[in-house]
Amino acid sequence: MVDNILPITSSTEEKLDFAKAIAVKSMLEVYRDIESARCSCGGKFFPSGPINLKSPKGSSKKISYQLMIVYCTTCRKEENRIYAIDTSTKEYRREQAKGFKSNPRLGRLVDGNPIEID
């Protein structure tokens, strides 16, 4: 749904400033960061995403860049937050393993095919 409103294309990714990416070790840290962040008006953010981004040239292959579009619940201002997730950390691998274990269909959901064809 967000992709229909703001289609993420290579030109959109070129406009993003990857130097301002927030380094985290897991998706849990992403959501905790959004939870603790505040808008300039003092309002809390509501997240939308994540949207996978192509890594910029020269970046490490173990870093996954994700875009979170956050909305202020008070003034309705929209902001883009880019996160650099280190996929080689224990926290990230544990989080992914737990997700796949708790939801057997997670692999299909992640790959874009939530329908079980068996």
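Quick caveat, the model's predicted, so the values are computed rather than measured.
Cluster note: V70 groups with I22, V24, M27, V30, Y31, I34, F45, M68, Y83, I85, Y92 through ILVMFWY side-chain heavy atoms spaced under 4.5 Å, whether in direct contact or through intervening members.
Note: R81 CZ to I69 CD1 = 13.0 Å, rounded to the nearest 0.5 Å. The line from NZ of K54 to CZ of F18 is 10.5 Å long, rounded to the nearest 0.5 Å. Rounding to the nearest 0.5 Å places NZ of K44 at 7.5 Å from OG1 of T73. One distance of note links CG of N80 with NZ of K20; it measures 11.5 Å at 0.5 Å rounding.
Here the closest non-hydrogen pair linking R38 and G42 is CD-O, 3.7 Å.
In this structure, the side chains of I82 and L53 come closer than 4.5 Å at one or more pairs of heavy atoms.
By the side chain to side chain contact (heavy atoms under 4.5 Å, CB included) test, K25 is found to be paired with E29, T89, E91, residues two or more places apart in sequence or in another chain being considered. In this view, K77 and C39, S40, C72, C75 satisfy the side chain to side chain contact (heavy atoms under 4.5 Å, CB included) rule, not counting sequence neighbours. A search for side chain to side chain contact (heavy atoms under 4.5 Å, CB included) contacts involving L28 returns S26, R32, E95, not counting sequence neighbours. Shown here are the side chain to side chain contact (heavy atoms under 4.5 Å, CB included) partners of K61, two or more places apart in sequence or in another chain: there are none. In terms of the side-chain hydrogen bond (donor to acceptor under 3.5 Å, both in side chains) criterion, residue partners of D86 (sequence neighbours excluded) are, by chain and number, S88.
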Could you walk me through whether Y65 and S59 pass the side chain to side chain contact (heavy atoms under 4.5 Å, CB included) test, one step at a time? CA-CA 10 Å; Y65 289 92; S59 67; 4.0 Å; yes

May I have the step-by-step check of side chain to side chain contact (heavy atoms under 4.5 Å, CB included) for Q66 and N52, ending in yes or no? CA-CA 5 Å; Q66 302 217 344; N52 293 327; 2.7 Å; yes

